[in-house]
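Below you'll find the structure, written out as structure tokens, and then a few comments.
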Amino acid sequence: MRVEIWSDIACPWCYIGKARFEKGLAAFAHRDEIEVVHRSFELDPNRAKGDTGPVLDMLAKKYGRTLDEARAMEAHVASNAHSEGLGYRTEGRDHGNTFDIHRLLHLAKERGRQNELLDLAYRANFAEERSVFDAETLVRLGVEAGLDETEVRAVLADETAYAQAVREDEREAAELGANGVPFFVLDRRYGISGGQPAEVFTQALEQAWQGRTVLQPVGADADTTAPACDVDGNC
């Protein structure tokens with residue numbers, strides 16, 4: 001059975017949701033028969049490449065908050081991340097266009113290293129002092145994930161490389177009704193939005209495995225308002 005996960009590296013709830021999904025998957029009896037595919041979704045596709053800035057400034061401007069209020073928002077997310085055993089820096093992170101990261105993740109998918117690169121990119125963006133919006137950082141992350149450096153540099157240098165694959169993922173997300181991320185689709189039968197608790201993912205996997213045919217929110221325990229980032233970049 002295939003599980004497809006639409007996400008953006010700039011989305012903190014995608015970072016947290018991935019960890020929760022993996023815990024839910026670990027509790028699923030048929031976990032070794034699940035294929036997980038990560039798909040592209042840009043929260044800020046109109047942001048110019050190279051236009052980066054501090055996350056706290058972006059949050060304050062976007063939500064009309066003070067910097068102290070933006071710090072409180074980040075502290076809340078950090079608390080959720082820490083509860084899943086994830087690192088999360090509330091200061092010093094930046095925000096920018098993620099198109100190149102998605103293109104590189106498609107290369108990694110072809111080479112069987114997608115999950116490795118995604119984990120490294122999330123950790124770099126949220127837990128370490130490394131900007132994923134810097135080309136040289138992306139090269140290093142690609143190499144750490146097991147990709148060939150020359151190939152990584154070639155993809156980053158050619159803006160058309162895997163561009164169509166990214167756009168196709170985004171088109172499919174729209175067709176499936178995804179208006180935010182993370183968005184999980186199980187065997188094209190169930191759709192789950194947001195960073196749900198691990199047990200909800202386990203329940204969803206069990207129900208999808210039994211052969212349900214309607215794409216719908218999962219179970220009575222599923223929270224349709226679980227934390228997510230929407231198409232306008234609101235998290």
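Predicted model only: the values in this text are computed from it and were never measured. Residue numbers run from 1 in the order of the sequence given.
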**Report entry** Listed partners of Asp8 passing side chain to side chain donor-acceptor pair (under 3.5 Å), at least two apart
**Finding:** Thr98, His102

Query raised in the report: Between Gln114 (side chain) and His38 (backbone), is there a donor-acceptor pair under 3.5 Å?
Result: yes

**Report entry** Pairs where residues 9-20 contributes a residue and the test salt bridge (charged side-chain N to carboxylate O under 4.0 Å, His left out) is met, not counting sequence neighbours
**Finding:** Lys18-Glu22, Lys18-Asp119, Arg20-Glu84

Query raised in the report: Any donor-acceptor pair under 3.5 Å linking the side chain of Ser40 with the backbone of Asp169?
Result: no

Query - Leu176 and Trp6, any side-chain heavy atoms less than 4.5 Å apart - result: yes

Report summary line: salt bridge (charged side-chain N to carboxylate O under 4.0 Å, His left out) pairs touching residues 172-181, sequence neighbours excluded, are Arg171-Glu175, Glu172-Arg188

Query raised in the report: Is the closest basic N to carboxylate O distance between Glu144 and Arg130 below 4.0 Å?
Result: yes

Query raised in the report: Are Phe183 and Phe41 an aromatic pair by the rule of ring centers under 6.0 Å?
Result: no

Report summary line: Those residues at least two apart in sequence (or on a different chain) that pass side chain to side chain donor-acceptor pair (under 3.5 Å) with Glu129 are none

Query raised in the report: So, does Arg111 use its side chain to make a donor-acceptor pair with the main chain of Leu147 at under 3.5 Å?
Result: no

Report task. Evaluate whether atom CD of Glu168 has more than 12 neighbouring non-hydrogen atoms of other residues, nucleotides or ligands under 6.0 angstrom away. Result -> yes

Query raised in the report: With sequence neighbours excluded, what pairs up with Arg31 under the side chain to side chain donor-acceptor pair (under 3.5 Å) test?
Result: none

Requested in this report: Apply salt bridge (Lys or Arg N to Asp or Glu O under 4.0 Å) to Asp100 and list each qualifying residue two or more places apart in sequence or on a separate chain.
Outcome: Lys49, Arg103

Query raised in the report: Between Glu170 and Arg167, is the closest basic N to carboxylate O distance under 4.0 Å?
Result: yes

